[in-house]
**Student:** 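Can you read through this structure? Questions will come right after.
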2 protein chains.
Amino acid sequence: MNHTELLKGTLSTIILRLLEEKGRMYGYEITQMVKEKSGETILIKEGSLYPALHKLEADGLIVSEEVFIGKRVRKYYNLTKPGKKATRTSVDELLAFMQTIHNLITSELNPAHGAA
Amino acid sequence: MNHTELLKGTLSTIILRLLEEKGRMYGYEITQMVKEKSGETILIKEGSLYPALHKLEADGLIVSEEVFIGKRVRKYYNLTKPGKKATRTSVDELLAFMQTIHNLITSELNPAHGAA
DNA sequence: GTAAATACATAGTTTTGTGATATATTGTTA
DNA sequence: TAACAATATATCACAAAACTATGTATTTAC
């Protein structure tokens with residue numbers, strides 16, 4: 001991630017949202033899709049992704065299914081029912097939060113003098 | 001903060017932006033303004049604010065000026081020249097990042113079947 | 001056959017916000 | 001006037017979350 005700190009708290013939401021949109025996905029696929037959809041600006045590292053996926057699974061929001069592609073294991077993830085609900089909450093909260101921040105940092109500059 | 005993790009990385013930008021808008025401000029004033037402007041949703045804690053202010057000052061982006069109001073010390077902060085430049089970069093980066101996240105989490109749902 | 005890409009995983013570190021706590025002044029109100 | 005809330009700053013211990021680095025192994029491309 002080039003933005004480093006900024007992503008905090010948004011990664012799980014992004015993962016949930018992609019799973020909602022695409023149905024089953026595996027880890028590496030998620031990193032590639034985020035990379036592509038973000039115009040190469042958001043590059044999720046393995047050290048961030050896998051712990052995040054494991055936590056979502058431990059929380060019962062996603063379930064994994066191991067599939068062998070030749071000799072290579074691939075772990076596909078799907079949303080659970082609670083996961084689908086959590087996705088909506090999570091996405092809505094993030095959008096609301098970003099709107100609030102947007103308002104905070106883009107309000108008019110010094111309206112005191114020279115308001116057009 | 002209710003949003004907890006989400007604020008990560010955005011606090012310094014918010015502080016810089018408020019200083020850009022209002023000119024000199026003191027810590028407590030910043031917390032109150034953020035609280036008000038965010039509709040009571042973003043509540044900056046002292047344990048977050050003061051370390052953030054001290055770091056910005058250590059980095060030379062803001063300068064403090066102690067003013068006595070009666071017997072109480074009040075520390076006013078102002079942007080330095082590098083601080084003004086950093087504010088622009090910081091705000092622009094945050095807006096761009098939020099736009100990217102917005103695109104990521106609001107793209108159309110399953111366009112494969114049933115595209116209106 | 002060697003390097004790059006695919007695909008998973010974890011340990012240790014850093015960053016950053018929170019909770020708790022401390023100090024002290026000022027304003028309100030019972 | 002005593003008690004409490006609000007104002008105002010500050011720090012420490014803790015937790016959460018992402019990163020770096022490292023490791024393993026297969027598959028693909030040159």
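Just so you know, these numbers come straight off a predicted model, no measurement behind them. Each chain gets a letter, A, B and so on, in the order the sequences are listed, and its residues count up from 1.
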**Student:** Could you tell me the separation between the CD1 atom of B/I101 and the C1' atom of D/dA18, rounded to a whole number of Å?
**Tutor:** 13 Å
**Student:** Just how far, in rounded Å, is P of C/dA9 from CD1 of A/I44?
**Tutor:** 15 Å
**Student:** Both A/G47 and A/R74 contact DNA chain C. Taking the nearest nucleotide for each, which residue is further toward the 5' end?
**Tutor:** A/R74
**Student:** Check this for me: does any side-chain nitrogen of one of B/R24 and B/E65 sit under 4.0 Å from a carboxylate oxygen of the other?
**Tutor:** yes
**Student:** Please tell me whether A/L56 and A/V63 are part of a single hydrophobic cluster in this structure, the criterion being side-chain heavy atoms less than 4.5 Å apart.
**Tutor:** no
**Student:** For the pair B/T80 (side chain) and B/L61 (backbone), establish whether a donor and an acceptor sit closer than 3.5 Å, ignoring hydrogens and angles.
**Tutor:** yes
**Student:** Please work out which residues in residues 54-67 of chain B have a non-hydrogen atom less than 4.0 Å from an atom of DNA chain D and list them by number.
**Tutor:** B/H54
**Student:** With distance as the sole criterion, is a donor-acceptor pair present between the side chains of A/S38 and B/T100 under 3.5 Å?
**Tutor:** no
**Student:** Can you tell me the distance, in whole Å, between the CG atom of B/L49 and the P atom of D/dT7?
**Tutor:** 15 Å
**Student:** Please report the distance, rounded to the nearest Å, between CD1 in A/I42 and P in D/dA18.
**Tutor:** 12 Å
**Student:** Between atom CD in B/Q32 and atom P in D/dA8, what is the gap in whole Å?
**Tutor:** 9 Å
**Student:** Figure out the CD1/P separation between B/I30 and C/dG17, and round it to whole Å.
**Tutor:** 13 Å
**Student:** Check the interface with nucleotides 22-25 of chain C: list each N/O to N/O pair with the protein under 3.5 Å, or write none.
**Tutor:**
unit_1	atom_1	unit_2	atom_2	d
C/dT25	O2	B/R72	NH1	2.6

**Student:** How many Å lie between NZ on A/K45 and C1' on C/dG12, as a whole number?
**Tutor:** 17 Å
**Student:** Taking the side chain from B/E29 and the backbone from B/Y26, do they hold a donor-acceptor pair closer than 3.5 Å?
**Tutor:** yes
**Student:** Return the value, rounded to whole Å, for the distance between atom OH of A/Y28 and atom C1' of D/dA25.
**Tutor:** 15 Å
**Student:** Using modelled atom types only, decide if a donor and an acceptor are shared between the side chain of B/R17 and the backbone of B/S90 within a distance under 3.5 Å.
**Tutor:** no
**Student:** Any side-chain donor paired with an acceptor under 3.5 Å for B/E57 and B/S64?
**Tutor:** yes
**Student:** Would you mind reporting whether B/V34 and B/L43 have side-chain heavy atoms less than 4.5 Å apart?
**Tutor:** no
**Student:** OP1 or OP2 of D/dA8 sitting under 4.0 Å from any side-chain N/O of B/Y26?
**Tutor:** yes
**Student:** Just checking, is any N or O donor in the side chain of B/S12 or B/K55 under 3.5 Å from an acceptor N or O on the other one?
**Tutor:** no
**Student:** Does A/Y50 put a side-chain nitrogen or oxygen below 4.0 Å from OP1 or OP2 of C/dA9?
**Tutor:** no
